[in-house]
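Only one structure is covered here, and it is reproduced in the block below.
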Amino acid sequence: MGLLRFLVVVLLSILNFVHGFPRNNHAHLGYFGPWINAHATFYGGGDASGTMGGACGYGNLYSQGYGVNTAALSTALFDNGLSCGACYELKCVNDPQWCLPGSIVVTATNFCPPGGWCDPPNHHFDLSQPIFQHIAQYRAGIVPVIYRRVRCRRSGGIRFTINGHSYFNLVLITNVGGAGDVHSVSIKGSRTKWQPMSRNWGQNWQSNSYLNGQSLSFLVTTSDGRSVISYNAAPAGWSFGQTYTGGQFRF
């Protein structure tokens, strides 16, 4: 009976790990955290076309599923790219002339370089113009806001876009739920052990191993310490330039 109970505990622990449950006591830090003062501006034009690309490497934000609900973060928030993919709720406050009621949720997809409001240590969000106009009038230009980290809610699984070439696998990781900001990744070929990947830039992660002709599994860990394993997300016949879908964090 003791052995059976032990095996049940081990099995539940594994299932919790795979489905993105906490691995440590800090799992919920950043989820619905305290409101913090900041400022917000906008860029990218009325159709948000100028927000495409960006320092997180997501490329076309429409096709990646982020749409116009995006923001470029100041240095104090960007954390050298580790904040890419994180979600924030914003409200315009203390400016009744320009503020509109309600709140928005945006994903960090770009970097607002130092200069003016984006200088350290300012907490600043440069929003796409369409989403800015949900919380403030266009003519305001800049408004005071409060913000907090919130869970990212995504449709479908985490996506892995494999670029590069043999011995240089550059994997762009997108559509990450939960905390949203990936802080470590490991990769496993069907004929290899788990290997840590290094962050190249934004949310592009690289492996210098030869993995051609092997199905690929990924272990993705976000800033809150939760992890999801996507076994055989890419089949043995995967090819460069293609995107494959894995598991997802529970909300």
Side-chain angles (χ1 to χ4, degrees), residues 12-36 54-59 61 63-73 77-90 103-111 123 125 131 147-161 171-188 194 196-199 201-205 216-234 243-251:
L12 288 174
S13 298
I14 292 172
L15 289 174
N16 283 350
F17 175 79
V18 170
H19 288 292
F21 278 75
R23 292 197 301 162
N24 56 45
N25 293 329
H26 302 286
H28 296 293
L29 290 181
Y31 285 167
F32 301 104
W35 291 100
I36 301 171
C56 292
Y58 292 143
L61 301 177
S63 61
Q64 294 290 9
Y66 299 115
V68 300
N69 288 52
T70 61
L73 304 185
L77 295 173
F78 191 65
D79 196 15
N80 293 315
L82 284 175
S83 293
C84 289
C87 293
Y88 301 86
E89 182 180 10
L90 281 74
S103 67
I104 57 173
V105 175
V106 296
T107 301
T109 59
N110 203 356
F111 174 55
H123 287 205
F125 294 83
I131 202 63
Y147 77 92
R148 63 179 178 175
R149 281 287 300 274
V150 294
R151 293 178 178 89
C152 298
R153 297 185 176 274
R154 306 295 185 206
S155 176
I158 298 171
R159 292 196 285 265
F160 305 91
T161 302
V171 181
L172 172 64
I173 300 179
T174 58
N175 202 51
V176 181
D181 50 348
V182 177
H183 277 212
S184 70
V185 182
S186 293
I187 190 171
K188 181 186 181 304
W194 285 104
M197 303 183 76
S198 59
R199 192 169 65 92
W201 66 281
Q203 284 298 353
N204 285 280
W205 296 78
L216 303 180
S217 302
F218 298 92
L219 168 61
V220 174
T221 302
T222 47
S223 62
D224 58 0
R226 301 202 314 169
S227 297
V228 165
I229 300 177
S230 298
Y231 287 109
N232 302 315
T243 300
Y244 304 93
T245 304
Q248 183 59 275
F249 290 93
R250 289 183 177 175
F251 304 129

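Under the 4.5 Å side-chain criterion, counting only non-hydrogen atoms from C-beta, Glu89 is in contact with Trp35. Looking at Lys188 and Leu219, their side chains never come closer than 4.5 Å, going by heavy atoms from C-beta outward. A heavy-atom distance below 4.5 Å is found between the side chains of Ile173 and Ile158. Between Val106 and Leu90 there is a side-chain heavy-atom pair separated by less than 4.5 Å.
For the residue pair Cys87 and Val105, the shortest heavy atom distance occurs at CB-CG1, 4.3 Å. Pro196 approaches Ser186 most closely through the heavy-atom pair CA-OG, 3.7 Å. Heavy atoms only, all atoms of each residue included: Thr222 and Gly180 are closest at CG2-N, 4.1 Å. In terms of heavy atoms, Arg199 sits closest to Leu82 at NE-CD2, 3.5 Å. Of all heavy-atom pairs spanning Ser223 and Asp181, the tightest one is OG-OD1, 2.8 Å. Nearest heavy-atom pair, Ala86 versus Cys152, reported as atom, atom and distance to 0.1 Å: C-SG, 4.0 Å.
Asp79 CG to His183 NE2: the interatomic distance, rounded to the nearest 0.5 Å, is 6.0 Å. Here CZ of Phe111 is found 10.5 Å from SG of Cys84. Values are rounded to the nearest 0.5 Å. Atom CD1 of residue Ile229 and atom OG1 of residue Thr221 lie 8.5 Å apart, to the nearest 0.5 angstrom. Rounding to the nearest 0.5 Å gives a distance of 9.5 Å between CG of Asn204 and CE of Met197. Taking CD of Gln64 as the start and OG1 of Thr243 as the end, the distance is 6.5 Å to the nearest 0.5 Å. Rounding to the nearest 0.5 Å places OH of Tyr244 at 9.5 Å from OG1 of Thr161.
Counting only distance, with no hydrogens or angles, the side chain of Gln203 and the backbone of Thr109 share no donor-acceptor pair below 3.5 Å. Formation of a donor-acceptor pair under 3.5 Å by the Asn175 side chain with backbone atoms of Gly157 is found in this model. The main-chain N or O of Asn110 is never found under 3.5 Å from a side-chain atom of Tyr58 such that the two would form a donor-acceptor pair. In this structure, Arg154 contributes its side chain and Gly65 its backbone to no donor-acceptor pair below 3.5 Å.
By the 4.0 Å N-to-carboxylate-O rule, Asp224 lies too far from Arg149 to be salt-bridged with it.
A search for side chain to side chain donor-acceptor pair (under 3.5 Å) contacts involving Asn232 returns Ser215, not counting sequence neighbours. In this structure, the side-chain contact (heavy atoms from CB on, under 4.5 Å) partners of Ala108, at least two apart in sequence or on a different chain, are Leu73, Tyr88.
Only one option out of Val220, Ile187, Val185, Leu216 pairs with Phe160 in a side-chain contact (heavy atoms from CB on, under 4.5 Å); it is Val220.
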